[in-house]
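Worksheet for the structure shown next.
All chains are named by letter (A, B, ...) in the order of the sequence lines, taking the proteins before the strands, and each is independently numbered beginning at 1. We use all heavy atoms of the structure for the numbers below, so side chains are in, but hydrogens, waters and symmetry mates are not.
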Amino acid sequence: MRNSLSLTGHQVDELLDKHTPHVIRIKMPADERVGFDDMIRGHVSFETNQVDDKVLLKADGMPTYHLAVVVDDYLMKISHAFRGEEWLPSAPVHLLLWEYLGWKADMPQWAHLPLILKPDGHGKLSKRDGARLGFPVYAMSWFDVKTGELTPGFRELGFLPEAFLNLLATLGWNDGTDQELFTLDELIEKFSIERVSKAGAKFDFEKAKWFNAEWIKKSEVWSLKSKVREILEDKGIAIVNEDYLERVIELVKERCVLLTDFYQQSAYFFEQPKEYDVNSVKPKWTDAKAEFFSAFIGTINNTDTLEPDALEADFKALAEETGIKAGELMLPFRIMLVGGKFGPHVFDIAALLGKEETVMRIEKAVSIFNG
RNA sequence: GGCCCGUUCGUCUAGGGGUUAGGACGUUAGAUUUUCAUUCUAGAAACAGGGGUUCGAUUCCCCUACGGGCUACCA
C-alpha cells in the first residue's frame, strides 16, 4: 500500500511538492471501541479496527459526505440528527470527526430510523419498485434531467398531503392506542421518538390507499374543492358554478379513494355521458319501459324543483301504475343519467342535475335504447 | 466473507413473566345500499427454532436460523 502511512515523511513532502494528486482520510485509532446512545436503538458501538479510514477530502478537493455532514451540522447547530438505518455503519466515522474537530460538546443526538422495505421480495424500497409495482415512492413527481425519466409522486397520483403524512408517520410508529388517523397537530402533540420501532417495514400500497380514502371522507368539502376543480379542469371540464361543485363533491367524496377518482365519479354531473352501458339495458328494454320514461318526463315537467325523496316517490308510483317493477327501471334510469353502473343514489343525481338536464338525458338515452 | 442492526397474523403493529395474544390493511361470509362504493356484523390468520433463568416464558439471557444495512474519492 502506498500512502502517507507507508512512506517516509521525506517522501511524502517530496510528492506534495510535486503536487501529486491525493486524498485526505480520517485515521481510525487502533483497538478502541467507539459507541454512542441512539435515541431509537440504545447503545451502539463499533470496533475501530473494523472501520476503515474513510476519505474525507477527495482528490479534486471536494469533501465527501462524511466530512460535509459533520461540518454542516456543526455550523447549523443541529441538535438532533435523524437519518436512515443505512447510516449506522458510518456513525463511528462521524463520531470521531466531531471529536477530532474539537466539537464534541456540540455533537447532536442521533436517531437511526428503520428502513422502508420493498413490499414483495427483499431490500429497501427504491424508485424502481414503484415503477415495477405501480405505486409512487416520492411525495411529488420528480423529473430526472439526466435520464429524462419522470417518476410520478403521491401528490400527482391523487394523495392528500394529510393522508401521506399520516401514513408515513404511522409506518414504524404508533401512540400505543388503536388510533391510526392523526392530524398534523395530533402528530406534533403525540409523536415520541421512543415509540419508533427498530425493525424495517414493508411498504403496503393498499393500506396507503386506505389512509387516503379515510382522509377524503373526513375532509370538509371546502378543503377538497380547489384540488377537485384542478383535476376536473385538467380533463377539460369547465366549472361555472361553485355551489354546484360543492354539492357534487359532498355527494361523491365517500366513494373516492384517490383524488383523481373524482373525475370518473363526477364527470357526468358536468357533461352528458359520452358512452352508455347499452348492454346492461338493451336486452331487457321494452316499449312499455320507453312509455314509462316518457310519462316520467311529464311528471318531472310538472314538478317545480326536483327533490330526491319526492322524485323517488313519484317514480315508484308511476311504476306501479304502469305495472312495471321499479327495480327494473332503476338501472336504465341510472344509465341514462350516468352512462354506467356507478355513482350515488339515482334520485340524488337527478335532483342535482336539475329538471331540464334530467329530461334531456332521458330523451337522448331513450332514443338510443329504442334504436 | 467481515462488522452492525433487527425478528408477534400475508402486511403494518399493540402487548408483555401467568392474556381467550388486541387493533388496522387485505382476505372470506353475511346484512344494508333495486348500481357501484360506503357502512355494519361475523370468520380465518401470528409470538422463527433450541437451550437456559423461573413455580411459570411469547415476554429476560445465550446460541442458531432467517431478514436487513454497510463494507466507493455515492449519498
Item to check | Selection from B/rU35, B/rC70, B/rC5 that lies nearest to any side-chain heavy atom of A/V44 | outcome: B/rC5
Checklist entry - Do the side-chain N or O atoms of A/R195 get closer than 4.0 angstrom to the phosphate oxygens (OP1, OP2) of B/rG15? => result yes
Next on the checklist: Within the 4.0 Å heavy-atom criterion, would you say A/G343 contacts the bases, only the backbone, or no part of the nucleic acid?
Outcome noted: base
Checklist entry - Does A/S197 have a side-chain nitrogen or oxygen under 4.0 Å from the phosphate oxygens OP1 or OP2 of B/rU13? => result yes
Checklist entry - Has the side chain of A/K207 got a donor or acceptor that lies under 3.5 Å from a partner of the other kind on the base of B/rA24? => result yes
Next on the checklist: Using the side-chain heavy atoms of A/E254, tell me which of these nucleotides is nearest: B/rG6, B/rC12, B/rU38.
Outcome noted: B/rU38
Checklist entry - Any idea which of B/rU39, B/rC25, B/rG2 is nearest the A/K217 side chain? => result B/rU39
Next on the checklist: Measure CD/A/E312 against P/B/rU35 and give the value in whole Å, please.
Outcome noted: 12 Å
Checklist entry - Among A/E233, A/E250, A/E246, whose salt bridge (charged side-chain N to carboxylate O under 4.0 Å, His left out) with A/K225 holds? => result A/E246
Next on the checklist: Return whichever of A/R25 or A/P344 has its heavy-atom-nearest nucleotide of RNA chain B closer to the 5' end.
Outcome noted: A/P344
Checklist outcome for this item: Of B/rG69, B/rU35, B/rG6, the nucleotide closest to the side chain of A/K341 is B/rU35
Checklist outcome for this item: Between CH2 of A/W210 and P of B/rA37 the distance, given in whole Å, is 19 Å
Checklist entry - Considering every strand shown, what is the Watson-Crick or G-U wobble mate of B/rU38 when both distances are under 3.5 Å? => result none
Checklist entry - When the distance from CG of A/N166 to P of B/rA24 is rounded to whole Å, what number comes out? => result 16 Å
Item to check | Atom-to-atom span, CG of A/L181 to C1' of B/rG23 - whole angstrom | outcome: 13 Å
Checklist entry - Cation over ring, A/K218 on A/W215, under 6.0 Å and within 45°? => result yes
Item to check | Same-atom distance (P) from B/rG10 to B/rC5, integer angstrom | outcome: 28 Å
Item to check | Length of the CD1-P vector between A/I116 and B/rG6, whole Å | outcome: 18 Å
Checklist entry - Once you round it to whole Å, what is the distance between C1' of B/rG23 and CD of A/E180? => result 7 Å
Checklist entry - Taking only N and O in the side chain of A/R33, is any of them less than 4.0 Å away from OP1 or OP2 of B/rC4? => result yes
Next on the checklist: Checking contacts here: which listed nucleotide (B/rC12, B/rG68, B/rC25) is nearest the side-chain heavy atoms of A/L115?
Outcome noted: B/rG68
Checklist entry - Checking all strands, does A/S45 fall into the base, sugar-phosphate, or nothing category for heavy-atom contacts under 4.0 angstrom? => result sugar-phosphate
Item to check | G-U wobble or Watson-Crick pairing nucleotide for B/rU27 (cut-off 3.5 Å, both distances) | outcome: B/rG43
Checklist outcome for this item: As its Watson-Crick or G-U partner within any shown strand, both distances under 3.5 Å, B/rU33 has none
Item to check | Spacing between A/K58 atom NZ and B/rC74 atom C1', to the nearest angstrom | outcome: 8 Å
Checklist entry - Is there a donor-acceptor pair under 3.5 Å between the side chain of A/E156 and the backbone N or O of A/S141? => result yes
Next on the checklist: Do the side chains of A/R229 and A/E242 get close enough for a salt bridge, i.e. N-O under 4.0 angstrom?
Outcome noted: yes
Checklist entry - What nucleic acid atoms does A/F46 come within less than 4.0 Å of, heavy atoms only: base, sugar-phosphate, or nothing? => result sugar-phosphate
Item to check | Validation row, ring centre A/F159 to ring centre A/F211 under 6.0 Å | outcome: no
Checklist entry - Looking at B/rU38, does its base get a donor-acceptor pair with the side chain of A/R255 below 3.5 Å? => result no
Item to check | Nucleotide nearest A/W87 when distance is taken to its side chain, options B/rA75, B/rC74, B/rA24 | outcome: B/rA75
Next on the checklist: If you only use heavy atoms from C-beta on, which nucleotide in B/rC25, B/rC3, B/rG69 is closest to the side chain of A/E86?
Outcome noted: B/rG69
Next on the checklist: Using Watson-Crick or G-U wobble geometry with both distances under 3.5 Å, which nucleotide pairs with B/rU20?
Outcome noted: none
Checklist entry - Heavy atoms under 4.0 Å, any strand shown: does A/R41 hit a base, just sugar-phosphate, or nothing? => result sugar-phosphate
Checklist entry - Checking all strands, does A/H112 fall into the base, sugar-phosphate, or nothing category for heavy-atom contacts under 4.0 angstrom? => result nothing
Checklist entry - Would you say the ring centroid of A/F292 lies under 6.0 angstrom from that of A/F315? => result yes
Next on the checklist: Counting only side-chain nitrogens and oxygens, does A/K202 get under 4.0 Å of the OP1 or OP2 atom of B/rG67?
Outcome noted: no
Checklist entry - Out of B/rU34, B/rG10, B/rC4, which has the shortest distance to the side chain of A/M330? => result B/rU34
Next on the checklist: Given A/V338, which partner from the list A/F269, A/F333, A/Y276, A/Y268 fulfils the side-chain contact (heavy atoms from CB on, under 4.5 Å) test?
Outcome noted: A/Y268
Item to check | For B/rC70, the Watson-Crick or wobble partner whose two distances fall under 3.5 Å | outcome: B/rG2
Item to check | Pairing partner (Watson-Crick or G-U wobble, both distances under 3.5 angstrom) of B/rA65 | outcome: B/rU7
Checklist entry - Do side-chain atoms of A/E357 reach the backbone of A/G354 as a donor and acceptor pair under 3.5 angstrom? => result no
Checklist entry - Paired with B/rA14: which nucleotide, if any, by Watson-Crick or G-U wobble criteria at under 3.5 Å for both distances? => result none
Item to check | Check: A/F36 ring centroid to A/W98 ring centroid under 6.0 Å | outcome: no
Checklist entry - So A/H112 and A/W110, would you call those rings parallel, tilted or perpendicular, with 30° and 60° as cut-offs? => result parallel
Checklist entry - Taking the side chain of A/E214 as its heavy atoms from C-beta onward, which of B/rU39, B/rU34, B/rU35 lies nearest to it? => result B/rU39
Checklist entry - Is there a Watson-Crick or G-U wobble partner for B/rU54 with both distances under 3.5 Å, and if so, which one is it? => result none
Checklist outcome for this item: Under a 4.0 Å heavy-atom cutoff, the residues of residues 321-329 of chain A touching RNA chain B are A/A326, A/G327
Item to check | Residue-phosphate contact under 4.0 Å: A/K124 side-chain N/O, B/rC70 OP1/OP2 | outcome: yes
Checklist entry - How is A/V55 classified with respect to the nucleic acid when contacts are heavy atoms under 4.0 Å: base, sugar-phosphate, or nothing? => result sugar-phosphate
Item to check | Nucleotide B/rU13, atom P - distance to CG of A/D178 in whole Å | outcome: 15 Å
Checklist entry - Considering only side-chain heavy atoms of A/E206, which listed nucleotide, B/rG26, B/rC73, B/rU11, is closest? => result B/rG26
Item to check | A/K282 to A/W285, cation-pi by 6.0 Å centre distance and 45° axis angle | outcome: no
Checklist entry - Does the side chain of A/N174 get closer than 4.0 angstrom to OP1 or OP2 of B/rU13 through an N or O atom? => result no
Checklist entry - Mapping A/Q265 and A/A201 onto RNA chain B by nearest heavy atom, which one lands closer to the 5' end? => result A/A201
Next on the checklist: Base, sugar-phosphate or nothing for A/T170? Non-hydrogen atoms, less than 4.0 Å.
Outcome noted: sugar-phosphate
